[in-house]
Amino acid sequence: MRSAAAAAAPVAATDPQLLAAAVEAAIASRSPRLGRAAHARAIRLLAPAIPPFIRAHLVNLYSKLDLPGPAAAALASDPSPTVVSYTAFISGAAKHGRPAPALSAFAAMLRLGLRPNDFTFPSAFKAAAIAPPSSAIGPQVHSLALRFGYLPDDAFVSCAALDMYFKTGRLALARRLFEEMPNRNVVAWNAVMTNALLDGRPLETVEAYFGLREAGGMPNVVSVCAFFNACAGATYLSLGEQFHGFVVKCGLERDVSVSNSMVDFYGKCRCVGKAKVVFDGMGVRNSVSWCCMVVAYAQNGGEEEAFSVYLRARRAGEEPTDFMVSSVLTTCAGLLGLDLGRALHAVAVRSCIDANIFVASALVDMYGKCGGIEDAEQVFFEMPQRNLVTWNAMVGGYAHIGDARNALAVFDDMIKCGETAPNYITLVNVLAACSRGGLTKEGYELFKTMNDRFGIKPQIEHYACVVDLLGRAGMEEQAYEIIQGMPMRPSISVWGALLGACKMHGKTELGKIAAEKLFELDPQDSGNHVLLSNMFASAGRWAEATDVRKEMKNVGIKKEPGRSWITWKNVVHVFQAKDTKHEMNNEIQALLAKLKSQLQAAGYMPDTQYALYDLEEEEKESEVFQHSEKLALAFGLICIPPGVPIRIMKNLRICVDCHRAFKFISGIVGREIIVRDNNRFHHFKSYKCSCKDYW
DNA sequence: CTAGGGTTAG
């Protein structure tokens, strides 16, 4: 901020030194506006005789601020450009990911007979490293550097060449250059370490580090970051912990980037506590530090903590960056916090980062997961560019609400557009959409042809989807055959899908088989036991239902209590079945009684098949009328004004009777009701649900 | 006045 103020201060004299200082300040402020002002001042005060070094300053100014047009104009308007102006231009263009202008400027200076120096070559290599790898530009720059005598002796030039060979995928050439380097410094080792990381070979990063140490070298900040990064990627927890000790001894942990990479490392190794210790101990933090801490919580099930770290960052004066907003949005998706997500969308718009592809994709994902499909569509259709993750998020959004038609349509668009090939996640989402939307034939066809059409072999998740798909449609036996023909061991989700289907269609015997497999794979899970017990109960096989319950008790498995919650005026109201503790219990009970008679008048019959024990019908009826989701709905109907959709969350699947009742209630009282359970969304409107009773 | 290797996200 100080530098911005300096740049804004008027330059009174035509003193070139003062002007140069103003240009430096404009660069530091990273503000194109101040940069243009500095340029205008230079032209006004010094034209027509601008000293050569000021011209180089101006080229540098525009290049550093990433204003390619003005930078090129400033260079072109210079009657006698120097190596320095050209190098500044090349450097800026390379830094901002514009290899083409950088390399053509390099060619232009050669044509003018200007001799590239030891500053020029590193920037030229940097540009060559990000040029299309098919072009042979990198080796050409290499031979020039040889001819001008900067290779192999100049350390800066050779390190830049090394990095270029790695980044353009010429591994053999890179390794040979590395072997032949006479001055193999830390930066050379770092280039090996970081490029191994980029190519997904963390073990090689660690090995290169030990190579550096054996050669008697000392790691610097970059080496340390790369090492932690490798440990994070490969979850080498104890190696990273040992390294942490060493880093502290060297005093390198005082560097912000090093500490950031430690926070990230501990987070990725599922040690949020240790991440927090590092974060709390940091004397200086930057926006990346806050972001690493948010991500550490978010990726370890600490959505609330992640969000509160974000709020702390904002209070500490951090601007919301694209990194931060996209990270926090995933926590909103996890919390199902549509309101929080909307608020973040507004933040993104205000900070002009809502079109960033990461942010926009995160928005599509968040809206899709939080039940705001129209908002997801709007973001999706308005974004300037899309990539694989964006498409997957949109298809996934449709899958969540079971809109198979639109999921298939978007998938079709993706294929037709031809820029992005689908991956296995895309196909999981499409199959899941078909399954939930009841497009059995289309889904099954896609499953059978996905390898031929897209070169994606069905993996375990695809099998789980297709078992679900067939199972929901009442083809449990066919699903079972597919399971038996699987080339890999069926997972929990595969057997779970079969069990769910058997429960849905009362295929008790096959369900028993699936349940037993599940008990083997995950003996502590309560959900499967409950499902099997309920299945016996609905078949009237009460003795077996009770046996399963007893077994659960013996093994010490507790059923997770069903909970539903609803947010009203920023307060979360949580309900459990038969809950009477809520402050508005009397009003809730009164409304439920009234609804019950309205429902019966409308032709609703309670579905008591899943009431847990062998009770008399009437008792079962009152039992299902105290389910947590019904209590939450009654509360919502009392508090939330007409016209506003009522959004309810549940930690387990919505119960069959509640589902039936909600359809009636949505029609009787003319309200939109949206239930998000642990499986999917249900949109109730005018006696119907978006799932078409197929879930 | 110009230079190499770097931390965070969907």
Side-chain angles (χ1 to χ4, degrees), chain A residues 16 20 23-24 27 51-61 63-64 82-92 94-95 116-126 129 150 154-164 166-167 185-195 197-198 219-229 232 255-265 267-268 286-296 298-299 321-331 333 353 356-366 386-390 392-393 396:
Chain A
V23 167
E24 286 303 309
I27 290 173
F53 85 95
I54 289 290
R55 289 185 188 281
H57 254 313
L58 291 174
V59 174
N60 184 33
L61 167 78
S63 299
K64 282 233 171 74
T82 62
V83 188
V84 175
S85 321
Y86 270 105
T87 303
F89 182 89
I90 296 165
S91 151
K95 201 164 263 165
N117 64 13
D118 51 339
F119 281 65
T120 318
F121 275 110
S123 289
F125 277 121
K126 197 188 177 93
Y150 293 111
D154 189 291
F156 275 87
V157 178
S158 53
C159 284
L162 178 68
D163 190 58
M164 178 278 295
F166 275 124
K167 293 222 158 63
N185 60 12
V186 195
V187 179
W189 287 100
N190 288 347
V192 178
M193 290 179 75
T194 55
N195 282 294
L197 259 180
L198 285 174
N220 67 7
V221 167
V222 176
S223 339
V224 170
C225 287
F227 193 95
F228 278 121
N229 217 327
D255 181 273
V256 192
S257 295
V258 169
S259 286
N260 291 347
S261 63
M262 288 199 290
V263 172
D264 185 57
F265 154 72
K268 295 241 158 62
N286 61 15
S287 64
V288 179
S289 324
W290 291 100
C291 204
C292 288
M293 198 59 232
V294 167
V295 171
Q299 290 181 346
T321 63
D322 43 0
F323 274 95
M324 182 58 113
V325 171
S326 59
S327 309
V328 179
L329 277 168
T330 64
T331 75
I353 52 171
N356 171 284
I357 195 155
F358 279 87
V359 174
S361 301
L363 282 169
V364 173
D365 184 61
M366 179 278 295
R386 302 178 189 121
N387 63 15
L388 180 62
V389 178
T390 325
N392 286 354

| query | What class does the angle between the rings of A:F121 and A:Y150 fall in, given that below 30° is parallel, 30 to 60° is tilted and above 60° is perpendicular? | reply | tilted
| field | Step-by-step side chain to side chain contact (heavy atoms under 4.5 Å, CB included) determination, A:M193 to A:S223 | value | CA-CA 7 Å; A:M193 290 179 75; A:S223 339; 4.2 Å; yes
| said: Is there a side-chain contact between A:K126 and the phosphate of B:dG4, meaning an N or O under 4.0 Å from OP1 or OP2? | reply: yes
| note | Checking B:dA9, B:dG10, B:dG6 against the side chain of A:D264 (C-beta onward), the nearest is B:dA9
| Of all the choices, B:dG10, B:dG4, B:dT7, which nucleotide is nearest to the side chain of A:N387 once you look at every atom? | B:dG10
| said: Is it the case that B:dG4 (base atoms only) and A:D154 (side chain only) share a donor and an acceptor within less than 3.5 Å, ignoring hydrogens and angles? | reply: no
| Closest listed nucleotide, where the reference is the side chain of A:D255 and the choices are B:dG6, B:dG10, B:dA3 | B:dG6
| What closest approach, in Å, do A:N260 and A:C292 show between heavy atoms, and which atom pair accounts for it? | O-SG, 3.6 Å
| request: Taking only the side-chain heavy atoms of A:N260 (C-beta and beyond), determine which of B:dG6, B:dT7, B:dT8 contains the nearest atom. | output: B:dT7
| task | Determine: side-chain N/O of A:K64 to OP1/OP2 of B:dT2, distance under 4.0 Å, yes or no. | result | yes
| field | Any donor-acceptor N/O pair under 3.5 Å between B:dA9 base and A:S327 side chain | value | no
| remark: Picking from B:dA3, B:dT8, B:dT2, the nucleotide nearest the side-chain atoms of A:S123 would be B:dA3
| Does A:F156 stack onto the base of B:dA3, taking stacking as ring centres under 5.5 Å apart and planes under 30° apart? | yes
| said: Any side-chain N or O of A:K268 below 4.0 angstrom from OP1/OP2 of B:dT7? | reply: no
| task | Measure from the ring centre of A:F53 to the centre of the six-membered ring in the base of B:dC1, then say whether that distance is under 5.5 Å and the planes meet at under 30°. | result | no
| task | Give a yes/no answer on whether the side chain of A:N229 brings an N or O atom under 4.0 Å of OP1 or OP2 in B:dT8. | result | yes
| task | Classify the nucleic acid contact of A:S85 as base, sugar-phosphate or nothing, counting any heavy atom under 4.0 Å across all strands shown. | result | nothing
| message | Tell me every residue that passes side-chain hydrogen bond (donor to acceptor under 3.5 Å, both in side chains) with A:T120, counting only those two or more places apart in sequence or in another chain. | response | A:T87, A:N117
| said: Any donor-acceptor pair under 3.5 Å linking the side-chain atoms of A:N286 with those of A:S289? | reply: yes
| request: May I ask you to say what A:V84 touches in the nucleic acid, namely base, sugar-phosphate or nothing, with a heavy-atom cut-off under 4.0 Å? | output: base
| message | Less than 4.0 angstrom between a side-chain N/O of A:S91 and OP1 or OP2 of B:dA3, yes or no? | response | yes
| request: Could you check how far CG of A:N195 sits from P of B:dG4, rounded to whole Å? | output: 15 Å
| Nearest heavy atoms of A:A94 and A:S123, plus distance in Å | CB-O, 3.9 Å
| remark: Winner on side-chain proximity to A:N286, out of B:dA9, B:dT7, B:dT2, is B:dT7
| query | So, A:T390 and A:N387: side-chain donor and acceptor under 3.5 Å apart, yes or no? | reply | yes
| query | Over how many whole Å does the gap from A:F323 atom CZ to B:dT7 atom C1' extend? | reply | 9 Å
| request: Quickly work out the A:F358 CZ to B:dA9 C1' distance and round it to whole Å. | output: 6 Å
| request: Write down the distance between CG (A:L363) and P (B:dG10), rounded to a whole number of angstrom. | output: 13 Å
| field | Base B:dG10 paired with A:S326 side chain (donor-acceptor, <3.5 Å) | value | no
| query | Can you tell me how far P of B:dA9 sits from CG of A:L388, to the nearest Å? | reply | 17 Å
| In whole angstrom, what separates A:H57's NE2 from B:dT2's P? | 7 Å
| field | Sugar-phosphate, base or nothing in reach of A:N392, heavy atoms under 4.0 Å | value | nothing
| field | Gap between atoms CE and C1', on A:M193 and B:dG6 respectively (whole Å) | value | 11 Å
| field | Any N/O donor-acceptor pair, A:S257 side-chain to B:dG6 base, under 3.5 Å | value | yes
| request: For the side chain of A:C225, starting at C-beta, report the closest nucleotide among B:dG6, B:dA3, B:dA9. | output: B:dG6
| message | Output the rounded distance in Å from CD1 (A:I357) to C1' (B:dG10). | response | 9 Å
